[in-house]
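Reading through the structure tokens given below for one structure.
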Amino acid sequence: VERTTSTTDHHPPGQSRRNPLQTLYNGDQDSDLSYAHVALRGRRELLEEACLSQTRKRRVLSPDDLRHLIVDDKHSLIYCYVPKVACTNWKRVLMVLTGDGRYSDPLAIPAHEAHVAGNLRTLSEFSTAEINRRLRSYLKFVFVRDPFERLVSAYRNKFTRSYNTAFHKRYGTKIIRRHRPGARPEALEAGDDVSFREFVQYLVDPRTQRDEPLNEHWERVHSLCHPCFIHYDVVGKYETLEPDSQAVLGLAGVEGDVRFPTSGKSTRTDGEMAARFFQNISPFLQRKLFNMYRMDFLLFNYSMPRYLRTH
């Protein structure tokens, strides 16, 4: 799959006449879009520069690399979803946009339904020619988050909630077997009390990635979305989720049709919470973990957290 910069194409039938990519790059002077042009252009340029300095070799992406890229043919959008960065709500919004009137309110769509494979189309389903045509002419966007806050959020969600038994069985039992000497038989059986330190030990253990690909909830964004090989037009951030989401909906010309849901969560994982989780992690493990997620920090302009003690 070729790396793409952005030009425009004719519209297939059923597609809205507005092309969000043209809207972005024509630099519309509409005041609502000025945020998109200024803040988002800065992020795009930073990403380009970081990619130029970090990426030594070109690689050709296979369709399998594109499974996280969701396609909205009607509005010429491609969204790379990153778990733990508002991806449930973005999938809900895209189900409204692509659903031909089946849905009108994103929050009326149950979370589990938003993640059902087949409810949304991914770029990996198309032929190479069709993939390249979409990459050239659609607006491509991704939402990112401070890598360690995302990691703490994934740990809290998958390992501290009693209802996530599938994760406890699939990952918890393996983590306890490997990283808890003298574990009780019931812990080995249930896998439901993994500590954050054990989770970090599991992540930095070389055997983990040798055995199988990382789970998408803690895989690096650059491995899920390939931002140095796919030219993202908009890099949204979790820290500015609402204005960034409005900007994307504005570019697509659908801000009057669908609202991005505001979070009702009372205990979002933020820097303070992440700092508490990292208190008990040794500097040695912190350094290894930072090195593992270094590209995400760099590409998306996150600085090393102040709470880290790497020596």
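- Looking at every heavy atom in both residues, Thr98 comes nearest to Leu120 through OG1-CD2, 3.8 Å.
- Under the ring pair (Phe, Tyr, Trp, His ring centres under 6.0 Å) criterion, no residue pair touches residues 116-137, with sequence neighbours excluded.
- Side-chain N/O atoms of Lys91 and His115 include a donor and acceptor closer than 3.5 Å.
- The ring pair (Phe, Tyr, Trp, His ring centres under 6.0 Å) check on Phe277 picks up Tyr155, Phe196, with sequence neighbours excluded.
- Judged purely by distance below 3.5 Å, without hydrogens or angles, the side chains of Tyr138 and Asp233 never pair a donor atom with an acceptor atom.
- In this pair, Phe290 and Phe297 present their aromatic rings tilted. The plane angle is within the 30 to 60° band.
- Checked against Glu189 for a side chain to side chain donor-acceptor pair (under 3.5 Å), the options Lys169, His168, Arg184 give a single hit: Lys169.
- Cation-pi geometry between Arg268 and Tyr238 is met: under 6.0 angstrom from the ring centre, within 45 degrees of the axis.
- Look at Arg67 and Glu216 and you find no salt bridge, because none of the NZ, NE, NH1 or NH2 atoms lies under 4.0 Å from a carboxylate O.
- Ring geometry, Trp218 versus Phe199: the interplanar angle exceeds 60°, so the pair is classed perpendicular (tilted spans 30 to 60°).
- Glu48 has its side chain within reach of His231: a pair of non-hydrogen atoms, C-beta onward, lies under 4.5 Å apart.
- The side-chain hydrogen bond (donor to acceptor under 3.5 Å, both in side chains) analysis of residues 291-303, with sequence neighbours excluded, yields the pairs Glu239-Tyr302.
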